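Have a look at the structure below, then the notes.
In this text, all values refer to a predicted model and were calculated from it rather than measured experimentally. This chain uses plain numbering: 1 for the first residue, then up along the sequence.
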Amino acid sequence: WKSNGANVSANKAFLFALSGFDLLSPCKMKLKNASDQWAIYNNSSRGPAFGGGHDLKVNGSTLSLGIGHTYNPGPSEQLTGGCTYNIKEMEVFQVTDNPTPLQDPRKKQPIS
């Protein structure tokens, strides 16, 4: 996520929920249209937003959900009903096609 105020298309973007929201199991919500230009909104004055109708939006320490505009709705009405939650902890991930292997910091690296 960047804070440049631009919309970004991301043909493999998805939202997910591991638990809560009355879910029986984790769920993955994919883009309705893989070429949608509204997959990510890089807001310059608050946190990231995902989806043209702000399916998921971060504003300071608040998370708002209204999934179903740009992303397929999840199995729970709590994900689509326009609910707002206070954030205790948040992580945003970027998945790439060519990941760089991580080094285990506990292993000693040879000195070159």
When every non-hydrogen atom of A10 is compared with those of A39, the smallest separation belongs to N-CB, 3.7 Å
Where L31 and N72 come nearest, the two heavy atoms and their spacing: O-ND2, 3.7 Å
How far does CG of D55 sit from OH of Y71, to the nearest 0.5 angstrom? 7.0 Å
Would you check, one step at a time, whether the test side chain to side chain contact (heavy atoms under 4.5 Å, CB included) holds for L63 with T84? CA-CA 6 Å; L63 171 75; T84 302; over 6 Å; no
Pairs in or reaching into residues 11-20: which pass side chain to side chain donor-acceptor pair (under 3.5 Å), with residues at least two apart or in two chains? K12-D97
Find the distance between NE2 (H54) and OH (Y41) and round it off to the nearest 0.5 Å. 7.0 Å
Using a 4.5 Å cut-off on heavy atoms from C-beta on, say whether the side chain of I40 contacts that of N7. no
Which side chain to side chain donor-acceptor pair (under 3.5 Å) pairs, counting each pair once, include a residue from residues 25-39, with sequence neighbours left out? N33-S35
Joint hydrophobic cluster, L18 plus L24, side-chain heavy atoms closer than 4.5 Å: no
Test I67 against L15 for side chain to side chain contact (heavy atoms under 4.5 Å, CB included), laying out the working first. CA-CA 9 Å; I67 298 171; L15 303 175; 4.1 Å; yes
Where the side chain of T70 meets the backbone of G52, is there a donor-acceptor pair that is under 3.5 Å apart? yes
